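Data block below; observations after.
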Amino acid sequence: MPATPAIETNIWFWIIFNAVVLALLGFDLLSHRKGHVVKGGEAVAWTAFWVSISVLFGAGIWWHYGHDTGILFFTCYLIEYSLSIDNIFIFVLIFSSFQVPRDQQHRVLFWGIIGALILRGIMIAIGAYAIKQFSWILYIFGGLLLYLGFKMIFKKEENDDMQDKWIVRVSRRFLPFTDQYHGEKFSIIENGKRVFTPLLLVLIVVEFTDLIFAVDSIPAIFGVSQDTFIIYTSNVGAILGLRSLYFLLAGAMVSFHFLKIGLGIILMFVGVKMLFANWFHVPPIYSLSFIITILLGSIATSLFYKPKEEETITMEPKH
């Protein structure tokens, strides 16, 4: 695979970046210390805030490290952020299935993002090490992306009851759970013993779901760049903005009928790039342009062409 621009980093680069991320998360936590329903205006403001942070960071990379490296960052960020939209549909199903009160959904997603940052950081480190030791793994990633993209395009959506998933059954078997929510608490003392509320069970399912989705996104990012810092920072930027994007788009997810097709095409495109990288190089600007075109095209098609039968998915808890 052709070499991509690499960012020379030392330990302080990583420490400072993660310290800033923790400070931003602390600011977010203080801003939402009281559970409440996140409405449209607040969701728009927070989405704009997180996207602006990522864009400014990407602009700094562009300015300091050059045109190609900047494009690689924005390409990785766009792929990760667009694939995270698919998570939103699953989050809606999870919250609906477990009847999570709307004013507690932000708390679940906040701690879910903390876990996602840790798990994806580990996955990226393992992936980078594996590719460095065994370059042929890129062909496995490429084939996996082709399969996942094909599956995303042609598999019909199934609104399964999330409470029937095996991760829920295993969690209930090894941990004592109450049947009722207790505000924003993940655990309480009941009859002198520590027991867990359904809110923790929902958090476990959210973390597990994100881990499954990372199987799509992490290989896709490695298909664009093998620069660990680019991959990690673009992932963090996308994950930080996922929660606010959920509250912004959750109610409208049913309208994006063709988004999955667009995301599937993007995965297959990156898969083909990985498989044929040694023989055919696609300039970063062409990759970025293609991804933007597919995303905008799938969204526009969804808005202008409505299927005859629409399935309604709601954020409201079941009764």
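The model shown is predicted, which means the values in this text are computed figures rather than measured ones.
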Quick one: are [X] and [Y] in side-chain contact, heavy atoms under 4.5 Å?
X	Y	answer
I265	F290	yes
W14	Y232	yes
L109	F95	yes
D227	L72	no
Y181	V202	yes
S234	F74	no
N191	K193	no
V270	F222	no

Shared hydrophobic cluster for [X] and [Y] (ILVMFWY, side-chain gaps under 4.5 Å):
X	Y	result
I140	M268	yes
V55	V236	yes
I188	F98	no
I189	F186	no
L56	L25	no

Distance from [X] atom [atom1] to [Y] atom [atom2], nearest 0.5 Å?
X	Y	atom1	atom2	result
I113	R120	CD1	CZ	10.0 Å
L144	L148	CG	CG	4.0 Å
T197	D179	OG1	CG	11.5 Å
R172	I167	CZ	CD1	12.0 Å
I124	I221	CD1	CD1	8.0 Å
R243	T47	CZ	OG1	10.0 Å

For [X] and [Y], indicate whether the former's side chain and the latter's backbone hold a donor-acceptor pair under 3.5 Å.
X	Y	result
S302	F258	yes
Y246	G241	no
S82	I79	yes
D210	V206	no
N235	I231	yes

Practice problem: Give a yes or no on whether W62 atom CH2 has more than 12 heavy-atom contacts from other residues, nucleotides or ligands under 6.0 Å away. | Solution: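 Atom CH2 in W62 is packed in, count exceeds 12.
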
Quiz item: Are there more than 12 heavy atoms of other residues, nucleotides or ligands under 6.0 Å from atom CD of Q133?
Solution: yes

Give me the atom names and distance for the closest heavy-atom approach of [X] to [Y].
X	Y	answer
I137	A130	CD1-CB, 3.5 Å
L175	F177	O-CD1, 3.3 Å
L201	S171	CD1-CB, 3.6 Å
C76	I230	SG-CG2, 4.0 Å
Q104	L199	CB-CD1, 4.1 Å
L242	Y81	N-CE1, 4.2 Å

Quiz item: Does W63 sit in a hydrophobic cluster with other residues, and if so which ones, taking ILVMFWY side chains as linked at heavy-atom separations under 4.5 Å, directly or through other members?
Solution: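 Members alongside W63: none; it stands by itself.
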
Quiz item: Apart from Y129 itself, which Ile, Leu, Val, Met, Phe, Trp or Tyr residues share its cluster (side-chain heavy atoms under 4.5 Å, direct or through members)?
Solution: none

Give the ring-plane orientation class for [X] versus [Y], where under 30° counts as parallel, over 60° as perpendicular and anything between as tilted.
X	Y	answer
F49	F27	tilted
F134	W136	tilted
F110	H106	parallel

Quiz item: Yes or no on side-chain contact (heavy atoms from CB on, under 4.5 Å) for L200 and K185, after CA distance, side-chain angles and deciding distance?
Solution: CA-CA 8 Å; L200 179 65; K185 295 179 179 178; over 6 Å; no

Practice problem: Would you please indicate if the ring centroids of F73 and Y65 are separated by under 6.0 Å? | Solution: no

Quiz item: Between L263 and L267, does a side-chain contact (heavy atoms from CB on, under 4.5 Å) hold up when you go through it step by step?
Solution: CA-CA 6 Å; L263 295 177; L267 286 179; 5.7 Å; no

Practice problem: Could you walk me through whether L275 and L146 pass the side-chain contact (heavy atoms from CB on, under 4.5 Å) test, one step at a time? | Solution: CA-CA 10 Å; L275 291 174; L146 283 177; 3.3 Å; yes

Practice problem: Apply side-chain contact (heavy atoms from CB on, under 4.5 Å) to L245 and W46, showing your working. | Solution: CA-CA 8 Å; L245 191 65; W46 277 100; over 6 Å; no

